[in-house]
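Everything below concerns the one structure shown next.
The analysis underlying the following values was restricted to heavy atoms, covering all of them including side chains, and did not include hydrogens, waters or symmetry mates.
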Amino acid sequence: MKAENLAAAFSWIFHPTVMTAALFLAASPALGYGPLGAAIAVFTYSLLPLTLLAALRAFGLVSSFDVVRTSQRLAPLMLAEASYVVGIITTALVSRSRGLLLLEVLYLVNSAIVIIVTLLLKFKISIHVSTASAIVTAIVYLDGLSLLPLFAIPAALTWARVRLGVHTIRQVAAGWAFMPLTLVQLFLYLGPAFKH
């Protein structure tokens, strides 16, 4: 398999919407929000944003599912952010899980940071790498250090995104900044010795 094909496969297998669904499914046992909470989160943080992205693609408002052009990023990011707000409201009304609300709000905040950086600095953070590094950090924090090998996912995405030429080293490095950010957020909200 050619390196470009492998890089493209990594990018699709670990697409941000896939990683997001994995987070909300993996965190459910640790935070105790059950199937209903997981379904709400997967729908509003993964399936609905992907559907909205597909609609933007169908209408020619984005050129690809990777949204490689910085100028095309605002619409899908804002639509995704709106979907996240719907998820938070639905969780608050239906599931009422503090742990799930925490994850949803942290995800919303981190996505808002990407939007602010994109708008103010005109800088294209790798959403693949930022999502994967934040999600793997959350899963390891919640489920234990035995899952540290999962950091191979954002590492593989770092290689893939640069190999495909859709990001620079600086842009994928900026994506890795969400690892310590997420760790600090979880530490502040859940404490240093989070127990299942």
Side-chain angles (χ1 to χ4, degrees), residues 1-27 41-81 83-84 107 110-140 146-183:
M1 179 180 268
K2 289 175 54 175
E4 287 76 20
N5 292 341
L6 185 59
F10 276 141
S11 290
W12 273 108
I13 292 167
F14 300 110
H15 189 272
T17 57
V18 174
M19 291 298 299
T20 301
L23 167 67
F24 288 113
L25 294 172
V42 168
F43 179 75
T44 57
Y45 280 74
S46 186
L47 298 176
L48 185 55
L50 183 60
T51 302
L52 293 169
L53 181 57
L56 290 172
R57 175 92 168 91
F59 286 109
L61 298 172
V62 295
S63 55
S64 72
F65 281 98
D66 281 343
V67 193
V68 295
R69 295 184 188 150
T70 306
S71 62
Q72 295 178 349
R73 285 186 143 204
L74 186 57
L77 288 172
M78 293 304 289
L79 287 172
E81 203 80 346
S83 183
Y84 305 159
Y107 199 103
N110 288 352
S111 296
I113 291 168
V114 170
I115 292 170
I116 290 166
V117 168
T118 300
L119 284 175
L120 295 183
L121 302 179
K122 306 292 187 221
F123 185 76
K124 186 175 87 169
I125 293 174
S126 172
I127 295 174
H128 279 76
V129 175
S130 64
T131 300
S133 66
I135 285 172
V136 170
T137 299
I139 290 171
V140 170
S146 65
L147 296 175
L148 278 173
L150 289 176
F151 278 105
I153 295 170
L157 283 169
T158 297
W159 167 81
R161 304 309 285 163
V162 172
R163 179 67 188 202
L164 290 171
V166 294
H167 286 293
T168 65
I169 297 291
R170 285 183 42 206
Q171 292 166 339
V172 293
W176 278 95
F178 286 84
M179 180 184 67
L181 174 63
T182 301
L183 185 61

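- Going from atom CG of Leu6 over to atom CD1 of Ile13 covers 8.5 Å, rounded to the nearest 0.5 Å.
- Scanning all heavy atoms of the two residues, the minimum distance from Val62 to Gln72 falls at CA-OE1, 3.3 Å.
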Can you give each donor-acceptor pair under 3.5 Å made by side-chain atoms of residues 48-55, sequence neighbours left out, with the distance rounded to 0.1 Å?
{"unit_1": "Thr51", "atom_1": "OG1", "unit_2": "Leu47", "atom_2": "O", "d": "2.8"}

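- Here the side chain of Ser83 pairs no donor or acceptor atom with the backbone of Tyr45 at under 3.5 angstrom.
- Thr17 and His15 form a side-chain donor-acceptor contact under 3.5 Å, judged by distance and modelled atom types alone.
- For the pair Lys124 (side chain) and Val166 (backbone), a donor-acceptor distance under 3.5 Å is present.
- The shortest non-hydrogen separation linking Ser11 to Arg161 is OG-NH1, 2.9 Å.
- The minimum heavy-atom distance linking Ser111 with Glu81 is given by the pair CB-OE1, 3.0 Å.
- When side chains are defined from C-beta on, Gln171 does not count as touching Val162, because their heavy atoms never get closer than 4.5 Å.
- Ala26 and Ile139 get closest at one heavy-atom pair: CB-CD1, 4.0 Å.
- At least one donor-acceptor pair under 3.5 Å links the side chain of Ser133 to the backbone N or O of Gly175.
- The distance from atom CG of Leu119 to atom CE of Met78, rounded to the nearest 0.5 Å, is 8.0 Å.
- Taken from NZ in Lys122 to CZ in Arg73, the straight-line distance is 12.5 Å, to the nearest 0.5 Å.
- Distance check: Thr182 OG1 to Tyr107 OH gives 10.5 Å after rounding to the nearest 0.5 Å.
- Between atom OH of residue Tyr84 and atom CG of residue Leu77 there is a gap of 8.0 Å, rounded to the nearest 0.5 Å.
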In a table with atom names and distances, give each donor-acceptor pair under 3.5 Å that connects a side chain of residues 147-159 to protein atoms at least two apart or in another chain.
{"unit_1": "Thr158", "atom_1": "OG1", "unit_2": "Pro154", "atom_2": "O", "d": "2.8"}
{"unit_1": "Thr158", "atom_1": "OG1", "unit_2": "Trp176", "atom_2": "NE1", "d": "2.7"}

**Prompt:** Which is it for Phe178 and Val114 under the side chain to side chain contact (heavy atoms under 4.5 Å, CB included) test, yes or no, and what are the steps along the way?
**Reply:** CA-CA 10 Å; Phe178 286 84; Val114 170; 3.7 Å; yes
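- Of all heavy-atom pairs between Phe14 and His128, the closest is O-CD2, 4.0 Å.
- In this structure, OG1 on Thr118 lies 6.5 Å from CD1 on Ile127, to the nearest 0.5 angstrom.
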